[in-house]
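First up is the structure itself, then whatever we jot down about it.
Numbers for residues simply follow the sequence, beginning at 1. Note: hydrogens, waters and symmetry copies are ignored here, and every other heavy atom, side chains too, is used.
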Amino acid sequence: MTVQQFMHIVEMRTKIISMGTFFCASIYALSLQGSLNVANALVMGLATLLVDMGTTGFNTFFDYWRGTDNIVHTKEQEKVLVHEGVSPFMALLVSLVLFGSAALLGLYLAWMTSWKLILVGGACMLVGFFYTAGPFPISRTPLGELFAGFFLGTVLFLITLYVQDVPLTARNLVTTLPFLLLIAMILSVNNGCDLVGDTASGRKTLSILLGSDKAFALIAFEGLGAYLLSFLLVLLGFHPITLAFCLLPSFALFVKALAGVKKAGLDAGHKSIHMQFASKSYLHFCLAFFLAYVFNIGFSALAS
């Protein structure tokens, strides 16, 4: 297995999702606390990356093992188990090592903060594993988008706050909802493009239940909903006004790209370009969120 094949197995390009959530939660914690525990942040960031990589590795293995990824329906050349003959057991071994490493870092964080973190971190790893493993994989149900958005958006955001001693309040929970929606949108784009192959393999994703004519509507609802909710939270005082200004360019890019997705249609042939749209949309949102809080912290420091 080459380095490039390893990168494809763990889908390194998609790590902007977990890392985006982590960095946004960290700058949010800094704005609330006025300081950041750098050691905890570094360990938390690395553990997050390892869990995300391991989860994707398990997904790669089990999607191939179950026949969801196959030579007939899988067009993405990045699927190296299908197109390059990489041993599926290498993907399994890599994933186990990544999860083991993340578990050790999690124990350190629990020692530095609270042993309750072991329960939450363990739950996240179990969800990551059973997303495609076990007799009833989460990814094969209509709950896949919800689980991905909840754990990579809401739970990850709140854990990052927790290791920085930020109280877990209802206000902070609401702050995570746009992240949940956008991550769910990424999964909806993936499942919308895989309708034919997923149907053939017996999956019952939300996109399949809604049908091809409504799959795009789900994507639009999740994406536009995340932005509209963010603007509403600014109006309600949850976020500084800088967020509204920073989100405007990102929102304009999203609307334009979303129109392009509708025009091209959701199918396996367009999956790579549509997944780029989904990933870039999340990246742009996170950059806007991060910069908004950087500006706000800077303005507050100047004012004082």
Is there side-chain contact between [X] and [Y], with at least one heavy-atom pair below 4.5 Å?
| X | Y | result |
| --- | --- | --- |
| R140 | K204 | no |
| T169 | L173 | no |
| K263 | L258 | no |
| I138 | V127 | yes |
| F179 | C286 | yes |
| V234 | P240 | no |
| F254 | L224 | yes |
| P137 | F130 | no |

**Study point:** side chain to side chain contact (heavy atoms under 4.5 Å, CB included) between I186 and M275, worked out
**Key:** CA-CA 7 Å; I186 295 173; M275 289 305 296; 3.9 Å; yes
Assign the ring pair [X] / [Y] to parallel, tilted or perpendicular, where the plane angle (0 to 90°) is split at 30° and 60°.
| X | Y | value |
| --- | --- | --- |
| F251 | Y227 | tilted |
| F129 | F62 | perpendicular |
| F289 | Y293 | tilted |
| F151 | F147 | parallel |

Review point. For F238, does the CZ atom have more than 12 heavy-atom neighbours from other residues, nucleotides or ligands under 6.0 Å away?
Key: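 Result for CZ/F238: enclosed.
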**Study point:** Atom CD1 of I273 with >12 non-hydrogen neighbours under 6.0 angstrom
**Key:**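 Atom CD1 in I273 is not packed in, count stays at 12 or less.
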For residues [X] and [Y]: do they belong to one hydrophobic cluster (side chain heavy atoms under 4.5 Å, members Ile, Leu, Val, Met, Phe, Trp, Tyr)?
| X | Y | result |
| --- | --- | --- |
| L206 | M185 | no |
| V255 | L218 | no |
| V294 | L32 | yes |
| F58 | F89 | yes |
| M112 | F22 | yes |

How long is the span from the [atom1] atom in [X] to the [atom2] atom in [Y], to the nearest 0.5 Å?
| X | Y | atom1 | atom2 | answer |
| --- | --- | --- | --- | --- |
| H239 | C246 | NE2 | SG | 12.5 Å |
| Y108 | L117 | OH | CG | 12.5 Å |
| S207 | E145 | OG | CD | 5.5 Å |
| L287 | F23 | CG | CZ | 11.0 Å |
| D165 | N37 | CG | CG | 7.5 Å |
| E11 | S279 | CD | OG | 9.0 Å |

Treating [X] as the side-chain partner and [Y] as the backbone partner, does any N or O pair qualify as donor plus acceptor under 3.5 Å?
| X | Y | value |
| --- | --- | --- |
| R203 | T141 | no |
| T176 | T154 | no |
| Q164 | L30 | no |
| T160 | A25 | no |

Smallest separation among heavy atoms of [X] and [Y], with atom names:
| X | Y | result |
| --- | --- | --- |
| G225 | L181 | C-CD1, 3.8 Å |
| V166 | A29 | CG2-CB, 3.9 Å |
| A264 | H274 | CB-CE1, 3.8 Å |
| S139 | T205 | O-CG2, 3.6 Å |
| R171 | G237 | NH2-O, 2.6 Å |
| T55 | F99 | N-CE1, 3.4 Å |

**Study point:** Derivation and outcome, ring pair (Phe, Tyr, Trp, His ring centres under 6.0 Å), residues Y28 and F157
**Key:** CA-CA 10 Å; Y28 181 77; F157 198 103; 5.6 Å; yes
Point to revise | Audit row: L168, Y162, side chain to side chain contact (heavy atoms under 4.5 Å, CB included) steps and yes/no | key: CA-CA 7 Å; L168 303 182; Y162 184 76; 4.1 Å; yes
Review point. Under the salt bridge (Lys or Arg N to Asp or Glu O under 4.0 Å) test, which residues partner K15, sequence neighbours left out?
Key: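 Applying salt bridge (Lys or Arg N to Asp or Glu O under 4.0 Å) to K15 gives D52.
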Review point. Between Y282 and T21, is a side chain to side chain donor-acceptor pair (under 3.5 Å) present by the stated rule, with each step listed?
Key: CA-CA 9 Å; Y282 193 69; T21 304; 2.5 Å; yes
Exercise for review: Step by step, work out the side chain to side chain donor-acceptor pair (under 3.5 Å) result for S188 and N191.
Suggested key: CA-CA 5 Å; S188 295; N191 292 340; over 6 Å; no
Practice item. Check the side chains of T175 and N172 for a donor-acceptor pair under 3.5 angstrom, ignoring hydrogens and angles. Key: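 Note: N172 and T175 side chains miss the donor-acceptor criterion.
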Practice item. Test side chain to side chain contact (heavy atoms under 4.5 Å, CB included) on I297 and I27 and set out the steps. Key: CA-CA 9 Å; I297 292 171; I27 195 70; 4.0 Å; yes
Exercise for review: Apply the test side chain to side chain contact (heavy atoms under 4.5 Å, CB included) to residues L46 and L42: give CA-CA distance (whole Å), side-chain angles for both, the deciding distance (0.1 Å), then the verdict.
Suggested key: CA-CA 6 Å; L46 181 56; L42 290 174; over 6 Å; no
